[in-house]
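What follows is a set of notes on a single structure, which appears directly below.
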Number of protein chains: 2
Amino acid sequence: MTDNQVINLSELKSHCQNCSLYALCLPMGLESGDLDKLDQVIKRRQSVNKNNYLFRIGEPLKSVYAIRSGSFKTFLTNPDGTEQIVGFSLPGELIGMDGIGDGRHNCSARALETSSVCEIPYERLESLAIEIPGLQHQLLKLMSQEIQQDQNLMMLLAQMPTETRLASFLLGLSRRLSQRGYAATEFNLSMSRGDIANLLGMAVETISRLLTHFQDDGILRVERKHITVLQLDKLEELATHCASHHPNNSNIG
Amino acid sequence: MTDNQVINLSELKSHCQNCSLYALCLPMGLESGDLDKLDQVIKRRQSVNKNNYLFRIGEPLKSVYAIRSGSFKTFLTNPDGTEQIVGFSLPGELIGMDGIGDGRHNCSARALETSSVCEIPYERLESLAIEIPGLQHQLLKLMSQEIQQDQNLMMLLAQMPTETRLASFLLGLSRRLSQRGYAATEFNLSMSRGDIANLLGMAVETISRLLTHFQDDGILRVERKHITVLQLDKLEELATHCASHHPNNSNIG
DNA sequence: AGCAGTAATTGATCCAGATCAATTACTGCT
DNA sequence: AGCAGTAATTGATCTGGATCAATTACTGCT
């Protein structure tokens, strides 16, 4: 039975329908026959070591990637060489789609920890999406979700004080992790304080101080990279506690 | 001949292939037969008065819209009722695509001036995109471009000083307008100072002061809504003059 | 285990840009 | 034309959070 199980496992690993991320990922909602077609174009189980690039800004878009495990940061690079992180990506998420616009990647993706991905050649994905309406829909849906995420971050950056930004970031992470079957209230940050600061448009020192405050207030326990959320409700409150005193709160007439 | 011309004009108006925005808009690259199919699903020439909504956040997504003339602001509303503008849309651009993710609009769109749009029922667009590969591609491309735009704005908000943000905003507007056949160096702002401030995460007063500075430096002429760019190169310089002294300029190793 | 390089924390100071306040355009209405 | 409401400008002040500086963890290497 042990042998049997081993064989089954390796069987399982090579198909979307048996992947634990199925419900979040690209093949969501596809029926068996269509899934097989998709399965055939996916190059599975590429491993990416910590700090290695999955792709770099400017490279021609040849594939998009579904994350199986681990995490990535995606970032732009401005003329100075300064980087601007535009997001962190978790298992079940698709990265590289930003490059469709002009056929080149418009951001770089770098592994925050040793990770594994499924590579999906983009041209074949696009032609498959014509055959499979559900796949086209899922593709559009995932892109639209990315737009939503980006716009929410824009709101944080434009209007919210640093405390709200960090609370919202942590809460978002917690939610995404719990969707993926991990604990909502206890997790490890795979990214550095500097990376979080960069994403949220603040200084590392401010991140550090806020984490200390959150801990002093009994909202979090912070042990280096390990975060325990002690009072989820208070964190939610901080995250939604909008800038009622803030600029431009012109109500919509 | 005058009569003849009138007849021709109204003929022309009702087809994508004769629209001056063809090259920027959804039908870009489609061949004649496919264009006809697209033409058939488009409800043309809806007019939207200043300050009216094209759609509101939360409404079910029934259509997306291609802008024919005029301009819109798209914005999120947070729990307070505070608005966060996420973009301004110009002729040839497609709005409403953000709603695909969950079938409801995730932002509201409001006309900044009297405008006209082509309404495209979303379900029919999606099924047409299955028939017409080029249309699917164009759809994905436009969404990917929106992601890029949003991410660029994120960088501005997170890293750049106010001067750079405004310069970059004006330059972006100038470029988009000139792509659409308008003058690059002379245009009217259809949005208020308050709207610009909101988008760029700054106070109205700062916008006002910076415009005055730009004028004092001979870069712009500002007459209320009317902007004349006198030194495009200097404006470009200000827009790229990145925050070399700014936080988190961790070079990529 | 020990050393070197990097990440994180903590404290002190400073400043870009928000906020407050007052004035001066505009714009739409009747 | 005149009045009311809103948008924009300009100036004075204040502050959240950046910057600077120093110390204290870590982490990876040999």
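Every chain is numbered from 1 and lettered A, B, ... according to where its sequence line falls, protein lines coming before strand lines.
In this structure, the CG atom of Leu157(B) is 13 Å from the P atom of dG17(C), given to the nearest Å. The distance from atom CG of Asp216(B) to atom P of dT9(D) is 12 Å, rounded to the nearest whole Å. Look at CD1 on Ile207(B): it is 11 Å from P on dG17(C), rounded to the nearest Å. Rounded to a whole Å, the CG atom of Leu166(A) is 12 Å from the P atom of dA18(D). Counting to the nearest Å, the C1' atom of dA7(D) and the CD atom of Glu223(B) are 17 Å from each other. For the pair Leu210(B) CG and dG11(D) P, the computed distance is 15 Å after rounding to whole Å. When the P atom of dA16(C) is taken as reference, atom CZ of Arg165(B) falls 14 Å away, rounded to whole Å. The interatomic distance linking Gln215(B) (CD) with dT9(D) (P) rounds to 10 Å, in whole Å.
The Ser208(A) side chain lies nearest to dT9(C) when the options are dA7(D), dT9(C), dA18(D). Listed candidates were dT10(D), dA18(C), dA8(C). Nearest to the side chain of Glu205(B) is dT10(D).
Dashed line: the shortest gap from a side-chain N or O of Thr206(B) to OP1 or OP2 of dG17(C) is not under 4.0 Å. In this structure, Arg193(B) reaches the dT9(D) phosphate: one of its side-chain N or O atoms is under 4.0 Å from OP1 or OP2. At the phosphate of dA7(D), neither OP1 nor OP2 sits under 4.0 Å from any side-chain N or O atom of Ser192(B).
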Distances for protein N or O near nucleotides 26-29 of chain C N or O, under 3.5 Å:
unit_1, atom_1, unit_2, atom_2, d
dC26(C), O3', Arg224(B), NE, 3.2

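Note on Glu186(B) versus Arg221(B): no salt bridge recorded, every NZ/NE/NH1/NH2 to OD/OE distance being 4.0 Å or above.
The nearest pair of heavy atoms linking Gln179(A) to Leu24(A) is OE1-CD2, 3.8 Å.
Each of Leu90(A), Leu112(A), Val48(A) was checked for a side chain to side chain contact (heavy atoms under 4.5 Å, CB included) with Phe72(A), and the lone residue meeting it is Val48(A).
Checked by atom type and distance alone, the side chain of Gln159(A) pairs as donor or acceptor with a backbone atom of Glu83(B) at under 3.5 Å. Formation of a donor-acceptor pair under 3.5 Å by the Ser174(A) side chain with backbone atoms of Gly172(A) is not found in this model.
Within the helix from dA1(C)-dT30(D) to dT30(C)-dA1(D), the inter-axis angle between the opening and closing five-pair segments is 60°, rounded to 10°.
Between Tyr65(B) and Phe55(B), the angle of the ring planes stays under 30°, which puts this pair in the parallel group of the 30/60° scheme.
Along DNA chain C, the nucleotide closest to Arg209(A) and the one closest to Lys225(A) are compared, and the more 5′ of them pairs with Lys225(A).
Around atom NZ of Lys50(B), no more than 12 heavy atoms belonging to other residues, nucleotides or ligands sit under 6.0 Å away.
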With side-chain hydrogen bond (donor to acceptor under 3.5 Å, both in side chains) as the criterion, how do Ser47(B) and Ser116(B) come out once you've worked through the C-alpha distance, each side chain's angles and the decisive distance to 0.1 Å? CA-CA 4 Å; Ser47(B) 179; Ser116(B) 123; over 6 Å; no
Derivation of the salt bridge (charged side-chain N to carboxylate O under 4.0 Å, His left out) call for Glu93(B) and Arg180(B): CA-CA 10 Å; Glu93(B) 292 173 342; Arg180(B) 282 157 185 78; 3.3 Å; yes
